[in-house]
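Report on the following structure.
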There are 2 protein chains.
Amino acid sequence: MTEYKREIALPSEPAGGAEILGFRPLYRQVKDHFVRRLVDGVWAPGTALPSEGQLAAELGVSQGTVRKALDELAAENLLVRRQGRGTFVAEHDEQRILFQFFKLVPDDGAARFPDSTVLATESAEADPAERQALALEVGETVLRIRRFRSLGDKPVILETISLPERRFPGLANGPIPNNLYSLFATRYGVTVAHAREKLKAVALSPEEARRLGTAAGTPALLIDRLALSLEGAPVERRLSLCLTEEAHYQSDLR
Amino acid sequence: MTEYKREIALPSEPAGGAEILGFRPLYRQVKDHFVRRLVDGVWAPGTALPSEGQLAAELGVSQGTVRKALDELAAENLLVRRQGRGTFVAEHDEQRILFQFFKLVPDDGAARFPDSTVLATESAEADPAERQALALEVGETVLRIRRFRSLGDKPVILETISLPERRFPGLANGPIPNNLYSLFATRYGVTVAHAREKLKAVALSPEEARRLGTAAGTPALLIDRLALSLEGAPVERRLSLCLTEEAHYQSDLR
DNA sequence: TAGTGGTCTAGACCACACA
DNA sequence: GTGTGGTCTAGACCACTAA
């Protein structure tokens, strides 16, 4: 193991790949290998990884190289490292979602996980916007979930979720849980790794206003979210209309 | 240098500090020391730092420890590292602002740095909201700048900037540049390191609508930004009203 | 060719959690 | 006490940049 520019022996590392892609450091290969294990469900959410030393021995690299790969995955919120305890696969529990994916917080008080009430679900052919967002072919179907969500008593969010039916067969058969991403992970092995949101200010239609218990024309925050899997594939599109009289969208620029 | 739990010899590192604050690793002390140099302007924006080896020798620590400190500062966008060239202090050029602080992008095309037209400036006693945001005492004054900004031809942002006059004396005497943060850095030695934004959807007042060339009641995105310095002190409060018919606020959740 | 940051290794020791 | 991640070191070599 004195050779520097090399590839570790793994099925996902075709020889010569480094030549095509340019220089690819060892810790990155190790990292990609670990991502593969996450994608394939070899390492399931909540479980503990082998120790750094074990992983290093297994792959034939130094502990420092394993460490760098694990550190990056932890920085991406895919793993959680706890000194003295071990390294764990991140779960989509409410705490993580609140921290990572839910940016609408009450003007006073702290962030809370909102309750959900499903209004309707339907299966339909994807419209052009859905096809574009979810990278679907013409004719493919989506499952649409329409629900409102409340912080405290008041409904503050009205959202329409579009899911590629091919990826989530039979999802509408059972009840729709409040925490969808957790369901994606446990039932379909799909991990939502990150998301892209586009925000606009819009006026509520009469129907939307009625659902949210307010007046038509009220300004609302429209959040167009595209959730991406570990592999970077689009998994969910979510249009959320949010009332912002007593809450705001928090964004930290670092 | 075999002792582990220790403090490097620096004026900013009072002996016993580690006891009060709990364990504080060496690389963190080194990092804080570097931040001090940035705050004090010893390392000015755009300049090159000494090499890792030089810094390590100077501080009496290993190169790896210096490296870890520099890596974290680079991750926070305070430094820029370039292989083969060196490590540089980040500047507030338009590219960085666009990337780090300006999240309103056209629905088509890519992000652009918007032009600005100053409508008015005034010096006044801080109102309660300004005092709260900027941590000012009763009676302290702020400089308010009101301007609109355009992407292409159309005015899309109407914003009111509040600055603590004590920190930026004489700012209103000269012309107000488009890129304020660059001015803060070069003329006042104040680096805006990050910012917190709170977004709401609101309806435009008749006056606001007139300024933006649209109808009263039009929904707009209200961005309430608080910019923080390297030390974490509030430096600027900015209220921006944004038209989002042809643009959106982009937020990436990782 | 010289100098810089980037990677990799091996080994020691520290802080922390848990049984 | 044992095992985990976290820190620190020293040294070698690689990749990149510019003179």
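Every chain is numbered from 1 and lettered A, B, ... according to where its sequence line falls, protein lines coming before strand lines.
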Are a donor atom and an acceptor atom from the side chains of A/Asp252 and B/His194 found within less than 3.5 Å of each other?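 A/Asp252 vs B/His194: no donor-acceptor pair found between side chains.
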Round to a whole Å and report the spacing from [atom1] of [X] to [atom2] of [N].
X       : N      : atom1 : atom2 : answer
B/Leu26 : D/dC8  : CG    : P     : 5 Å
A/Leu49 : D/dG3  : CG    : C1'   : 16 Å
B/Lys31 : D/dT7  : NZ    : P     : 11 Å
B/Leu70 : D/dC8  : CG    : P     : 14 Å
A/Gln83 : C/dC13 : CD    : C1'   : 13 Å

Using a cut-off of strictly less than 4.0 Å, decide whether [X] has a side-chain nitrogen or oxygen near OP1 or OP2 of [N].
X       : N      : answer
B/Arg85 : C/dG3  : no
A/Lys68 : C/dC8  : no
B/Ser62 : D/dA10 : no
A/Arg67 : D/dG5  : no
A/Arg81 : D/dG6  : yes

Which one, [options], comes nearest to the side chain of [X]?
X       : options             : answer
A/Glu52 : D/dG6, C/dG5, C/dT7 : D/dG6
B/Tyr27 : C/dT7, D/dT4, D/dT7 : D/dT7
A/Val61 : C/dT4, C/dT9, D/dG5 : C/dT9

Over all atoms of both residues, closest heavy-atom pair of B/Ala90 and B/Arg96: CB-NH1, 3.6 Å
Quick one: do A/Arg36 and A/Asp32 make a salt bridge, cutoff under 4.0 Å? no
Sidechain N-carboxylate O distance under 4.0 Å for A/Glu159, A/Arg147: yes
Mind checking who C/dA19 pairs with, Watson-Crick or G-U wobble, both distances under 3.5 Å?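 Base partner found: none.
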For A/Gly84 and for A/Thr65, find the nucleotide of DNA chain C with the closest heavy atom, then tell me which residue's nucleotide is more 5'.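 Its nearest nucleotide lies further toward 5', so the answer is A/Thr65.
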With DNA chain D as reference, determine whether B/Arg82 or A/Asp71 sits nearer its 5' end, using the nearest nucleotide of each.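 Per heavy-atom nearest nucleotide, the more 5' residue is A/Asp71.
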Check this for me: B/Glu231, atom CD, are more than 12 non-hydrogen atoms of other residues, nucleotides or ligands nearer than 6.0 Å? yes
